[in-house]
Asks: 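Let me begin by handing over the structure; questions about it come next.
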Amino acid sequence: MSGLNPLRSVLYVPGDNERAMTKSAGLTVDAIIYDLEDAVAPANKQAARARVCRAVTTRDQDQHVIAIRINDLASNEGAEDLQAVLGAAPDVLVLPKVQTAQDIEHLHARIKSSGDQGMDRALEIWAMIETPSAILNIKEIAERSRIQGYRLGALVLGTNDLAKLTGVRLDMMASWLMDCVLVAKAYGLPIIDGVFNNYSDQEGFAAACEQGRDMGFDGKTLIHPSQIASANQVFAPSKVQLQEACEVVALFEREGHENMNVLELDGRMVERLHYLMAKKTLKIAQMIKEQTA
Ligand code: COA
Ligand code: MG
């Protein structure tokens, strides 16, 4: 599901904020994560669970990818969340505080033992990478995406938690983030960058999106509607990229070029791998166009 969808903009919406939840349905965002975890105070957990389940059950099916972030499965809240949200049939379950690959296996087993709800459709698990252990175990975690039943569909960075747990400043984390990006690419998994807290700083946010894009992230997690337009723009293929992709595709699809692996375009070498990348770029652009049509 998400493998086929652009995930430029992924908005967190606190499950106990009715106004934000109502607003979220009309936003031009690629994915919404209704949050039952850190955005919701303990006293509001139960009401948030019920509200989120209601919103997800009655949603407009095709508008966005709909995810629910549950609480840590080791907690009572997490167990109750899981039981409730499976019935609401979101597209994605976001698992917080992942430490090891066994956490993915454990969630998979819990879904399976909950009466097979969710097993007959493409429910995905997105793993939050926000603990030092998750960074250490990133390869084993991502490997679970290769095992059909485990449903791992994306990695989502939780940079605020990483900063809190390690005392390391965000601008010093680049090597950890790049390790995660490399692993995600190796396993063909979408990877979404962490949030930018200062939502009134539009310029700073646009720069953070550009940096995330240049690092190889597929999109950014967001906390406020004012961040959506920038993320959608920065993580979409640019006009120049689209033009180049069209040229590369046309070149490789020209009669007589079926068996050519290397060709020349405006004095540059282009390989068949560039053709495949160009086709992917055009496909993403087409999906974005259909989404906004
Ligand atoms: N999703 C959807 N709508 C949101 C939103 C969000 N994350 N954040 C704000 N809005 C809505 C508000 O409800 C308001 O709606 P209105 O036009 O109907 O009045 C509008 O956008 C403007 O909001 P604003 O007044 O500027 O912000 P706020 O004070 O209501 O909220 C925050 C500010 C930071 C509390 C809020 O954006 C938020 O809770 N963000 C998500 C935090 C989160 O989930 N953190 C956990 C993951 S890191
Ligand atoms: Mg977190």
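Whatever order the structure lists ligands and atoms in, that order sets their numbers, starting from 1.
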Asks: Hey, are Asp30 and Asn5 close enough side-chain-wise for a donor-acceptor pair under 3.5 Å?
Replies: no
Asks: Quick one: which ligand 1 atoms are inside 4.0 Å of a heavy atom on Arg69?
Replies: 46 (C), 47 (C)
Asks: Name the residue from Glu77, Glu37, Lys45 that meets the side chain to side chain donor-acceptor pair (under 3.5 Å) definition with Asn71.
Replies: Lys45
Asks: Is the closest heavy atom of Asp38 to ligand 1 under 4.0 Å?
Replies: no
Asks: Any chance you could lay out the side chain to side chain contact (heavy atoms under 4.5 Å, CB included) test for Asp201 and Phe196, step after step, and finish with the verdict?
Replies: CA-CA 9 Å; Asp201 176 6; Phe196 185 82; 4.0 Å; yes
Asks: Checking contacts now, so for atom 26 (O) of ligand 1, which I'm interested in, is there any protein heavy atom under 4.0 Å?
Replies: yes
Asks: Are any non-hydrogen protein atoms located under 4.0 Å from atom 3 (N) of ligand 1?
Replies: yes
Asks: Can you find an N/O atom of Ser24 closer than 3.5 Å to an N/O atom of ligand 1?
Replies: no
Asks: For atom 41 (C) of ligand 1, what is the nearest protein heavy atom, given as residue, atom name and distance?
Replies: Ile223 O, 3.3 Å
Asks: Under 3.5 Å between any N/O of Asn160 and any N/O of ligand 1: does that happen in this structure?
Replies: no
Asks: When you compare the side chain of Leu222 with that of Val195, does any pair of heavy atoms fall below 4.5 Å?
Replies: no
Asks: How far is atom 44 (O) of ligand 1 from the closest protein heavy atom, and which atom is that?
Replies: Tyr12 CB, 3.3 Å
Asks: Let me know which of Asp81, Asn44, Asp16 forms a side chain to side chain donor-acceptor pair (under 3.5 Å) with Arg49.
Replies: Asp81
Asks: Looking only at protein heavy atoms, which one is nearest to atom 15 (O) of ligand 1, and what is the separation?
Replies: Lys23 CD, 3.3 Å
Asks: Could you check whether atom 11 (C) of ligand 1 has a protein contact, counting only heavy atoms that fall below 4.0 angstrom?
Replies: yes
Asks: Salt bridge check: are Arg8 and Asp218 linked by an N-O gap of less than 4.0 Å?
Replies: no
Asks: Suppose we call two aromatic rings close when their centres sit under 6.0 Å apart. Are His108 and Tyr150 close by that rule?
Replies: yes
Asks: Give the name of the N/O/S atom in Glu130 that lies closest to the Mg ion (ligand 2).
Replies: OE1
Asks: Taking only heavy atoms of Pro14 into account, list the atoms of ligand 1 that are under 4.0 Å away from them.
Replies: 39 (O), 41 (C), 44 (O)
Asks: To the nearest 0.5 Å, what is the distance between CD (Glu130) and NZ (Lys97)?
Replies: 4.5 Å
Asks: Looking just at side-chain N and O atoms, do Ser230 and Asn232 make a donor-acceptor pair shorter than 3.5 Å?
Replies: no
Asks: Considering only heavy atoms of Ala39, which atoms of ligand 1 have at least one such atom less than 4.0 Å away?
Replies: 43 (C), 44 (O), 45 (N), 46 (C)
Asks: Please state which protein non-hydrogen atom is closest to atom 24 (P) of ligand 1 and give its distance, to 0.1 Å?
Replies: His224 NE2, 3.4 Å
Asks: Closest non-hydrogen protein atom to atom 19 (O) of ligand 1, residue and atom name please, with distance?
Replies: Arg19 NE, 2.9 Å
Asks: For Asp35 and ligand 1, does the shortest N/O to N/O distance drop below 3.5 Å?
Replies: no
Asks: May I ask you to check whether Leu27 has an N/O atom sitting below 3.5 Å from an N/O atom of ligand 1?
Replies: no
Asks: Of all the non-hydrogen atoms in the protein, which one sits nearest to atom 33 (C) of ligand 1, and at what distance?
Replies: Tyr199 OH, 3.3 Å
Asks: Heavy-atom contact check, 4.0 Å cutoff: does Val13 meet ligand 1?
Replies: yes
Asks: For Val249 versus Ala278, what's the shortest heavy-atom pair and its separation?
Replies: CG2-CB, 3.8 Å
Asks: Which protein non-hydrogen atom lies closest to atom 8 (N) of ligand 1, naming both residue and atom, and how far is it?
Replies: Pro225 CD, 3.5 Å
Asks: Using the salt bridge (Lys or Arg N to Asp or Glu O under 4.0 Å) rule, take Asp171 and Arg169 through it: C-alpha gap first, then chi angles, then the decisive distance, then the call.
Replies: CA-CA 5 Å; Asp171 57 341; Arg169 262 181 18 207; 2.8 Å; yes
Asks: About how many Å separate CD1 of Ile228 and OG of Ser9, when rounded to the nearest 0.5 Å?
Replies: 6.5 Å
Asks: Is there a side-chain contact between Gln102 and Arg144 (heavy atoms, below 4.5 Å)?
Replies: yes
Asks: Asp161: which N/O/S atom is nearest the Mg ion (ligand 2)?
Replies: OD2
Asks: Which is it for Leu11 and ligand 1 at heavy atoms under 4.0 Å: side chain, backbone, both or neither?
Replies: side chain
